[in-house]
Amino acid sequence: MVWSVLTLLFLVELLAWAAYGVLGWALSPGWLWVWLLPLLVVSLWAATASPRARWRGAVLTPVVKLLVFTGAVLALVATGHPAAGAVLGVLATAVHLAARRPDVRARLEQVSTPDGVRD
């Protein structure tokens with residue numbers, strides 16, 4: 001169960017980043033924004049919301065996650081994919097609620113520290 005939730009967390013993140021690619025393609029010039037916009041979002045995510053992020057925080061990490069997923073849903077809706085946006089929103093919410101289970105949280109703690117070693 002734990003690895004299933006962790007895999008779904010990763011897939012939902014990939015879907016969110018892809019949504020920014022869809023938005024980038026709709027912007028002008030599409031060839032630039034299609035890769036630049038997801039790259040900016042992934043960089044923000046890596047710095048603040050990933051398990052080994054440099055600037056993780058009790059407030060910062062959830063706020064960045066909320067902004068990234070809300071932006072991804074809005075990006076899909078704005079580009080004419082409201083059903084995909086709704087599915088992403090529901091899926092992201094369900095997966096993040098499942099990730100709050102104690103066994104999943106314990107495994108995430110192990111993943112977030114190098115070699116499972118705590119300070």
Side-chain angles (χ1 to χ4, degrees):
M1 169 73 177
V2 173
W3 285 106
S4 299
V5 174
L6 294 177
T7 301
L8 287 173
L9 276 172
F10 181 63
L11 290 175
V12 167
E13 292 168 13
L14 291 176
L15 290 172
W17 301 335
Y20 286 98
V22 171
L23 176 62
W25 187 252
L27 298 175
S28 180
W31 61 268
L32 174 66
W33 290 108
V34 74
W35 64 269
L36 187 59
L37 195 55
L39 182 63
L40 292 172
V41 173
V42 169
S43 297
L44 174 67
W45 188 276
T48 59
S50 72
R52 293 188 184 184
R54 171 172 271 190
W55 296 294
R56 281 184 72 83
V59 175
L60 180 63
T61 298
V63 167
V64 168
K65 287 184 176 186
L66 181 65
L67 289 174
V68 167
F69 283 111
T70 302
V73 168
L74 293 175
L76 289 171
V77 171
T79 56
H81 305 287
V87 168
L88 178 60
V90 169
L91 186 61
T93 302
V95 170
H96 279 85
L97 286 175
R100 296 190 54 80
R101 291 174 36 116
D103 54 340
V104 176
R105 290 176 67 88
R107 184 62 185 139
L108 276 172
E109 287 293 321
Q110 289 176 342
V111 169
S112 65
T113 56
D115 300 325
V117 178
R118 300 185 139 254
D119 292 336

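Keep in mind that what you see is a predicted model, and the values were worked out from it rather than measured.
Residue Leu8 holds its CG atom at 7.0 Å from CG of Leu91, rounded to the nearest 0.5 Å. We find the CH2-CH2 distance between Trp17 and Trp45 to be 7.0 Å, quoted to the nearest 0.5 Å.
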Practice problem: With side-chain contact (heavy atoms from CB on, under 4.5 Å) as the test, would you mind laying out the steps for Leu9 and Leu6 before giving the verdict? | Solution: CA-CA 5 Å; Leu9 276 172; Leu6 294 177; 4.2 Å; yes

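At most 12 non-hydrogen atoms from other residues, nucleotides or ligands lie less than 6.0 angstrom from CH2 of Trp33.
Counting only distance, with no hydrogens or angles, the side chain of Tyr20 and the backbone of Ala75 share no donor-acceptor pair below 3.5 Å. Checking side-chain atoms of Arg107 against main-chain N and O of Val2 turns up no donor-acceptor pair under 3.5 Å. Looking at His81, its side chain never comes within 3.5 Å of a backbone N or O of Val77 through a donor-acceptor pair.
Cluster membership for Val95 and Val90, using ILVMFWY side-chain heavy atoms within less than 4.5 angstrom, is not shared. Hydrophobic clustering (side-chain heavy atoms under 4.5 Å, transitive across Ile, Leu, Val, Met, Phe, Trp, Tyr) groups Leu14 together with Leu88. By the rule that hydrophobic residues join a cluster once side-chain heavy atoms approach within less than 4.5 Å of another member, Leu97 and Val73 end up as members of separate clusters. In the hydrophobic clustering of ILVMFWY residues, with side-chain heavy atoms under 4.5 Å counting as a link, Val42 and Leu40 come out together. Linking ILVMFWY residues whenever their side-chain heavy atoms come closer than 4.5 Å, directly or via other members, leaves Leu74 and Leu37 in distinct clusters.
Nearest heavy atom pair, residue Ala47 against residue Ala53, reads O-CB, 3.4 Å. Heavy-atom minimum distance, Ala19 versus Leu76: CB-CG, 3.7 Å.
With sequence neighbours excluded, no residue satisfies salt bridge (Lys or Arg N to Asp or Glu O under 4.0 Å) with Arg105. Listed by chain and number, the residues in a side chain to side chain contact (heavy atoms under 4.5 Å, CB included) with Leu32 are Pro29, Trp35, Leu36 (sequence neighbours excluded).
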Please report, to 0.1 Å, the donor-acceptor pairs under 3.5 Å made by any side chain of residues 61-70, with sequence neighbours excluded.
from, atom 1, to, atom 2, distance (Å)
Thr61, OG1, Thr48, O, 2.8
Thr61, OG1, Gly57, N, 3.1
Thr61, OG1, Gly57, O, 3.3
Thr70, OG1, Leu66, O, 2.7

